[in-house]
Asks: 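Before we start, here is the structure in question, set down as structure tokens.
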Amino acid sequence: MVLENKSTCDVLPFSDTGAKKVDGCWHKKSFDKAVVLIIDALRYDFTVPVKPTVDVGSDPLFYNNIPVLYETAVNTPENAFLLPFIADPPTTTLQRLKGLTTGTLPTFVDAGSNFAGTAIDEDNIVAQLRAAGKTLVQLGDNTWQSLFPDYFDANLTRPYDSFNVWDLHTVDNGVTEHLLPLLHPANSTKWDVVFGHYLGVDHAGHRYGPNHPAMAAKLQQMDRLIRDVIAKLDDKTLLVVMGDHGMDAKGDHGGESDDEVNAALWMYSKKGVFGRTSADTVKPPAQASDRFVPQVDLVPTLSLLLGIPIPFNNLGSPIEEAFVGPNGNNWKNLVTVNRLASAQIKRYQEEYAKVRGAEDGNSLQSIELWDAAENDWQNIPWVGKSNPSTLRPVYDAYKQYQRKTLQVCRGLWANFDGWSMAQGIAVLFAAIVLLVFYARGLRTEQTELTNALLAAVGPGAGLGATAGALAGLLGVVAGSLVEVSVLLAATGSILSASWTMFSVPKQIKLPLPKTLWGWLAVIFTVAQSVGFASNSYTIWEDEILLFFLSTFGVLAGVSSMRQKLTADRVLGVYHSVLFVILGRVAAMSRLCREEQMPFCRSTYYSSATSSTSAPWQLVIPLILALVLPTVVKSFYAGSKSYEGAAPLWIGSAFRLGLFLVAVFWILEGADDGEWLPLSKETLKSSRVFLAQVVLALAFAAGTTAFIYSKPCINISVSQGNNEPETKAKPSSFSSMGRTTVTILGFGNVYGTRYFLLVVNFCLGIILMQKPMGQGAMGLLLWQILSLLEILDTNALVTSNSAIGPIVLGVLGSFYYFKTGHQATLSSIQWESAFIPLSSVQYPWSPILVILNTFGPQILTAIAVPLTVLWKRPLQLSDEATSTSKANNPAIRILSDTIQAASTYILYFATINLATTMWAGHLRRHLMLYRIFNPRFMMGAAVLAVVDIVLILFSVAGVRWSIVSVGDIFGW
């Protein structure tokens with residue numbers, strides 16, 4: 001809860017009136033000016049020296065490349081100190097900047113706004129500096145402009161785009177270009193505080209990982225920069241260098257692992273004012289656990305050093321090295337600043353409790369520690385207020401109060417609204433119950449009920465929203481106006497849909513499975529949902545999904561051996577074995593999450609500490625271009641469907657697109673490894689052009705071709721008895737034995753026509769994956785085709801079994817992990833937004849990231865209609881010309897497609913409900929924010945994506961296919 005209160009120099013935080021201001025504010029300033037440099041993702045172990053090992057070349061490349069921080073802290077401790085700087089999760093830049101400037105604790109859910117920052121309204125150090133009349137300059141990451149609009153001098157400020165993680169140098173070079181001239185004595189009167197935000201280290205981590213020559217080069221560049229800044233500083237200027245967070249073993253961040261939260265903090269001044277309270281802290285510790293400071297401590301430290309009030313919402317403590325004096329014995333000053341910080345925290349504590357509606361201002365349970373510290377301070381004789389042995393216990397008492405309050409606030413802000421959680425779960429559960437009956441419990445066609453549902457749900461939601469708004473305005477129910485309106489809108493839509501479905505009992509049946517395959521679909525969905533209650537299950541979800549897929553393959557093989565026709569038995573067993581083998585091969589691509597170590601070995605990147613592909617992996621796109629179109633062709637050829645647009649689109653366009661993708665990633669590898677004598681700008685522009693051509697081929701030309709293409713058939717007419725001989729079983733129609741019409745591709749006219757849409761999306765998604773992920777996507781396409789053959793040989797297409805859509809859902813979830821992703825924020829491959837773009841462009845950049853992240857689920861969602869279209873018999877009897885909806889093949893196909901799509905959505909909706917329930921139930925679990933909450937967020941995101949894809953593309957694609965087939969066969 002954000003308070004609007006502001007601290008001012010005129011009002012001291014003490015309740016007693018005897019307290020006096022010093023030099024016009026709370027504390028005498030130590031510096032007139034400051035240069036604050038944020039080196040994004042500067043991890044603490046980047047800054048401390050490590051003795052080389054005997055095994056030359058085995059040490060990480062990030063070691064010993066920025067020695068200036070450690071050297072100055074050790075050699076001149078009165079001028080500098082270096083400490084581990086521990087971030088509060090989430091370790092995303094925007095949330096860290098909020099914490100670093102307000103002294104408070106951004107919450108986990110704020111991670112969602114990381115790339116759309118909004119202005120900070122609460123009291124903060126930037127606003128305090130501005131209120132004190134300081135001229136502020138900001139250089140670098142433009143996130144600062146979103147958080148603090150109009151705070152910085154417009155003539156000197158230089159913001160840069162922060163999202164292009166492939167660009168290591170533009171921001172850093174721009175900051176340095178404008179920073180160093182400002183430090184010249186001739187420009188000293190133009191500014192008071194400079195905030196410089198360097199992004200190169202963070203971008204090098206995202207692109208290459210920490211153990212890469214590019215990271216070593218960036219750290220060396222930062223070392224040279226800091227030395228140049230030191231040379232230009234005067235005695236009145238404070239220099240602060242810090243990381244806002246760290247990075248994990250492969251260069252990403254966002255979570256709460258040790259490597260992600262361990263940043264570095266270094267302060268420097270030419271007029272030795274810093275000190276240590278004991279000889280043990282003269283040298284910076286090698287481990288953060290020995291002596292560290294939370295990042296919230298920066299705000300009170302900088303505020304008091306610069307002579308401004310501590311921001312009202314601050315929860316941090318003054319860093320003792322900055323106030324204990326060069327001899328380490330100025331305990332009076334140390335107690336003074338900690339008493340000021342404690343008094344401000346107490347004032348904030350009391351105001352916060354009042355706003356929360358607590359009975360009194362002492363509800364945060366730490367007031368006893370404040371009283372004890374104040375009592376100790378008041379009872380010290382004046383002559384003893386310079387005695388270290390007397391003041392040390394008082395300092396410890398204030399520090400204990402500060403840390404206790406911080407701990408209490410962390411617990412307070414982790415409160416959960418159980419009633420609202422229950423309401424949300426109830427809405428999800430009711431929606432799933434409706435979806436179960438809609439997908440598997442209707443006696444009538446889905447199309448007959450859909451219009452009635454659409455007509456009922458809209459007014460029901462509108463009436464509910466209106467009732468909620470009135471109830472909120474009148475104060476009849478608790479909660480915000482928006483919350484109540486949304487809840488009652490959902491309730492109204494559920495009630496109206498329930499009335500529409502259940503008011504006619506004859507159209508509803510009990511949705512219980514009647515076959516082994518139906519029960520297997522239920523078991524796969526329910527077993528996976530129940531498993532999310534376990535953190536170990538959630539961690540190893542990729543392995544368990546492989547077990548489900550292998551189980552299906554084995555059972556499909558057994559079922560295929562029981563088929564009557566020899567062709568069905570052979571084909572079914574072959575594809576069942578192939579299905580299992582393809583899943584096992586795909587399992588070789590993996591990105592291990594931290595909790596899986598040491599029982600997992602990452603293969604997705606060149607190493608566990610890299611974000612780049614190994615050179616040998618660049619062969620994968622080339623193999624894909626040669627093999628994948630041939631694989632698709634073989635499935636078409638099996639039903640003599642490699643006709644019409646298929647040879648052009650699959651044999652030529654698809655192969656050309658895959659080849660261009662391979663060239664793109666070869667150029668990317670050449671850029672990473674500097675293999676070619678070309679500038680990085682030339683390589684980048686060439687890659688962007690190739691990527692845009694591929695996307696145009698996949699979605700622009702591909703969509704046009706899909707809409708206007710005829711079915712993949714070949715119709716030949718022969719006279720007399722000279723009938724063409726074919727190995728397939730074409731359909732022939734003769735008139736009195738004189739004219740014969742032969743149709744190649746007749747047996748799979750629906751499936752092969754629609755599959756062109758799957759090919760288009762597959763090409764676009766493959767472009768957005770790294771080479772190993774491209775191989776996984778190729779295996780996914782192959783496995784989808786094998787699944788369709790299994791469904792056909794086991795007569796599961798015509799029966800519209802639930803197992804087809806459910807297995808597609810499991811495949812989508814499995815390949816999510818095989819394309820270098822995990823249910824963690826740090827595994828999001830943000831750099832994919834720049835594959836076809838040079839800068840952030842909305843809405844395209846987010847769409848590109850979605851294609852990369854949820855590509856497997858999107859591709860399986862596009863393939864869902866094939867579970868009812870693949871080798872579906874074509875109706876050409878009198879039923880085709882009937883005006884009855886029940887006998888209309890188009891209506892029947894569309895109804896079956898809607899049923900399959902609803903079943904597919906039901907799988908992900910059930911997963912979403914389960915992860916929501918378990919995250920709520922385990923809200924006090926130690927692993928909530930590391931395991932359960934990210935999986936809950938992923939479940940919600942996946943459900944939204946597949947809903948949109950199914951509605952906008954899959955069902956619409958089926959309609960185009962039906963129209964195309966109908967044009968040929970006259971219905």
Side-chain angles (χ1 to χ4, degrees), residues 43 60 89-91 205-206 209-211 246-262 527-551 583-614 617 769-770 772-773 775-776 779 810-829 852-854 856-857 911 914-915 918-919 922 925-939 941-942:
R43 205 168 73 189
T91 49
H206 283 300
N211 192 24
M247 63 176 69
D248 62 17
K250 55 180 291 295
D252 296 321
H253 57 91
E256 56 176 330
S257 66
D258 289 344
D259 283 344
E260 291 172 273
V261 301
N262 284 349
Q528 189 177 356
S529 300
V530 172
F532 288 119
S534 164
N535 59 337
S536 298
Y537 178 97
T538 307
I539 291 169
W540 293 99
E541 183 182 356
D542 52 347
E543 298 293 333
I544 296 167
L545 289 170
L546 177 61
F547 172 77
F548 285 158
L549 293 173
S550 301
T551 301
R584 290 289 175 178
V585 174
M588 297 171 65
S589 172
R590 66 174 65 90
L591 174 69
C592 304
R593 58 186 293 162
E594 182 186 9
E595 295 83 1
Q596 292 177 329
M597 307 303 289
F599 307 106
C600 179
R601 186 174 69 87
S602 294
T603 60
Y604 191 78
Y605 296 102
S606 59
S607 69
T609 60
S610 174
S611 291
T612 59
S613 300
Q617 292 175 346
Q769 308 296 329
K770 292 182 184 292
M772 188 67 92
L779 292 172
V810 177
L811 276 173
S813 298
F814 174 67
Y815 277 92
Y816 169 85
F817 297 100
K818 301 301 107 183
T819 53
H821 299 96
Q822 285 284 350
T824 58
L825 292 173
S826 59
S827 72
I828 299 176
Q829 299 170 23
N852 169 273
T853 306
F854 303 118
Q857 291 97 330
I911 297 299
T915 54
W918 299 132
L922 300 169
H925 195 283
L926 182 63
M927 293 294 171
L928 174 67
Y929 293 120
R930 179 171 289 194
I931 296 175
F932 297 110
N933 201 26
R935 187 59 184 86
F936 149 68
M937 295 164 66
M938 172 190 160
V942 170

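The figures that follow rest on heavy atoms only: side chains count, while hydrogens, waters and symmetry mates do not.
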Asks: Counting N and O atoms only, with roles assigned by atom type, does the side chain of Ser589 sit under 3.5 Å from a partner on the main chain of Tyr604, one being a donor and the other an acceptor?
Replies: no

Asks: What's the spacing between Ser813 OG and Leu545 CG if we round to 0.5 Å?
Replies: 6.0 Å

Asks: Kindly compute the distance separating CD1 (Ile931) from OG (Ser534), expressed to the nearest 0.5 Å.
Replies: 8.5 Å

Asks: When you measure from the side chain of Gln596 to the backbone of Ile539, do you find a donor-acceptor pair of N or O atoms at a distance under 3.5 Å?
Replies: yes

Asks: Using 30° and 60° as the class boundaries, would you call the ring planes of His821 and Tyr816 parallel, tilted or perpendicular?
Replies: parallel

Asks: When you compare the side chain of Phe547 with that of Glu543, does any pair of heavy atoms fall below 4.5 Å?
Replies: no

Asks: Using a 6.0 Å cut-off, check whether atom CE of Met588 has over 12 heavy atoms from anything other than its own residue.
Replies: no

Asks: To the nearest 0.5 Å, what is the distance between CZ on Phe814 and CG on Leu811?
Replies: 8.5 Å

Asks: Is the shortest side-chain heavy-atom distance between Asp259 and Met247 below 4.5 Å?
Replies: no

Asks: For Thr819, does its backbone N or O pair with a side-chain atom of Gln829 as donor and acceptor, under 3.5 Å?
Replies: yes

Asks: Looking at CG of Leu591 and OG1 of Thr824, how far apart are the two atoms once the value is rounded to the nearest 0.5 Å?
Replies: 7.5 Å

Asks: Is a side-chain donor or acceptor of Trp918 paired with a backbone partner of Ser529 at a separation under 3.5 angstrom?
Replies: yes

Asks: Please report the C-alpha distance between Met938 and Thr853 in whole Å, then the side-chain angles of each, then the deciding distance to 0.1 Å, and finally whether the side-chain contact (heavy atoms from CB on, under 4.5 Å) criterion is met.
Replies: CA-CA 10 Å; Met938 172 190 160; Thr853 306; over 6 Å; no

Asks: Does the Gln822 side chain pair with the main chain of Phe817, one donor and one acceptor, at a distance under 3.5 Å?
Replies: no

Asks: Would you indicate whether the side-chain heavy atoms of Tyr537 and Val530 approach each other to under 4.5 Å?
Replies: no

Asks: Looking at every non-hydrogen atom in both residues, tell me the closest pair between Pro210 and Ala249 and how far apart they are.
Replies: CD-O, 3.3 Å

Asks: So, for Pro934 and Ala823, which heavy atoms are closest and what is the spacing to 0.1 Å?
Replies: CB-O, 3.2 Å

Asks: Could you go through Arg584 and Ser550, starting from their C-alpha distance and side-chain angles, then the distance that decides it, and tell me whether this counts as side-chain contact (heavy atoms from CB on, under 4.5 Å)?
Replies: CA-CA 8 Å; Arg584 290 289 175 178; Ser550 301; 3.9 Å; yes

Asks: Would you name the heavy atoms of Gly812 and Pro856 that are closest together and state the gap between them?
Replies: O-CB, 3.5 Å

Asks: Identify the two heavy atoms, one from Ala587 and one from Arg590, that lie closest to each other, and give their separation to 0.1 Å.
Replies: O-NH2, 3.1 Å

Asks: Can you check whether Lys770 reaches Thr612 side chain to side chain, under 4.5 Å on heavy atoms?
Replies: no

Asks: Quick one: closest heavy-atom pair of Leu928 and Ala919, and the distance?
Replies: CD1-O, 3.7 Å

Asks: Provide the closest heavy-atom pair for Ala941 versus Phe854 in the form atom of the first, atom of the second, distance.
Replies: CB-CZ, 3.7 Å

Asks: To the nearest 0.5 Å, what is the distance between CZ on Arg930 and CZ on Arg593?
Replies: 9.0 Å

Asks: Can a donor-acceptor pair be found, under 3.5 Å and without considering hydrogens, that links the side chain of Gln617 to the backbone of Thr603?
Replies: yes

Asks: Roughly how far, to the nearest 0.5 Å, is the CG atom of Leu549 from the CD1 atom of Ile544?
Replies: 12.5 Å

